[in-house]
Amino acid sequence: MAPEPSFPQQVYAIVRKVPRGKVITYGAIAHLLGAPRKARQVGWAMATADHVPWHRVVNARGEISRRHAPDAEALQRKKLEAEGLVFDVDGRVDLERYLWLPNVRVK
DNA sequence: GATCTGACCACCG
DNA sequence: CCGGTGGCCAGAT
């Protein structure tokens, strides 16, 4: 049996592929891994994640998820803005515009 | 080992 | 889009 990469590891692999100026949602990641209901585990994976562009991961509504460290929320927004993303007054981004999915290269 | 909590989402209304 | 509910699973107490 081929030792498949652990769930968190697969999550990291996807997050690392997210290009600059784009974002991905937890649900999208879980869905890509074939576990649409496992989105929560994606969050856990991110919690222990390191050396991954975690700031490019937002929730299903395009908003920055509430985290343990309040500072990180502002930091995440700052980084995304630095990559060209625009937040609305509600602190959300247009997923239709910024959501990135693998295999679907935007020209 | 039961219970609660948590970087969440899909579904329903 | 918003709010409530159920589900999933790992970590902490």
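Lettering of chains follows the sequences in order, A, B, ..., and the numbering in each one begins at 1.
Atom-to-atom, CE of A:Met46 to C1' of B:dC8 comes out at 13 Å; the value is rounded to the nearest Å. Separating the CD atom of A:Glu63 from the C1' atom of C:dC1 is a distance of 12 Å, rounded to the nearest angstrom. Taking atom CZ of residue A:Phe7 and atom P of nucleotide B:dC8, one finds them 14 Å apart after rounding to whole Å. The separation between A:Tyr26 atom OH and B:dG6 atom P is 15 Å, rounded to whole Å.
Here the closest non-hydrogen pair linking A:Ile64 and A:Glu73 is CD1-O, 3.7 Å. The shortest heavy-atom contact between A:Val15 and A:Trp54 is CG1-N, 4.3 Å.
Within the 4.5 Å cutoff, the side chain of A:Leu99 has no heavy atoms near those of the A:Val58 side chain.
Remark: nothing in residues 73-98 of chain A comes within less than 4.0 Å of DNA chain B through any heavy atom.
Applying the salt bridge (Lys or Arg N to Asp or Glu O under 4.0 Å) test to residues at least two apart or on different chains, none of the pairs has a partner in residues 25-46 of chain A.
Side-chain contact of A:Ser6 with A:Tyr12: a donor-acceptor pair under 3.5 Å is absent, judged by distance alone.
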In the 5'-to-3' direction, what one-character label does each nucleotide of nucleotides 3-11 of chain C receive under the scheme B = base within less than 4.0 Å of a protein heavy atom, S = sugar-phosphate only, - = no such atom? B---BBBSS
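Scored by the side chain to side chain contact (heavy atoms under 4.5 Å, CB included) test, A:Pro36 finds A:His31 as partners (sequence neighbours excluded). With sequence neighbours left out, the side chain to side chain donor-acceptor pair (under 3.5 Å) criterion links A:Tyr98 to no other residue.
Among the atoms of the strands shown, only primed sugar atoms or phosphate atoms (P, OP1, OP2) are found under 4.0 Å from some heavy atom of A:Ala60.
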Validation: residues 77-89 of chain A side-chain donor-acceptor distances under 3.5 Å, sequence neighbours left out:
residue	atom	partner	partner atom	Å
A:Arg77	NE	A:Glu81	OE2	3.1
A:Glu83	OE1	A:Gly21	N	3.1
A:Glu83	OE1	A:Arg56	NE	3.1
A:Glu83	OE2	A:His55	NE2	3.4
A:Glu83	OE2	A:Arg56	NE	3.3
A:Glu83	OE2	A:Arg56	NH2	2.8
A:Asp88	OD1	A:Asp90	N	2.9
A:Asp88	OD1	A:Gly91	N	3.0
A:Asp88	OD1	A:Arg92	N	2.7

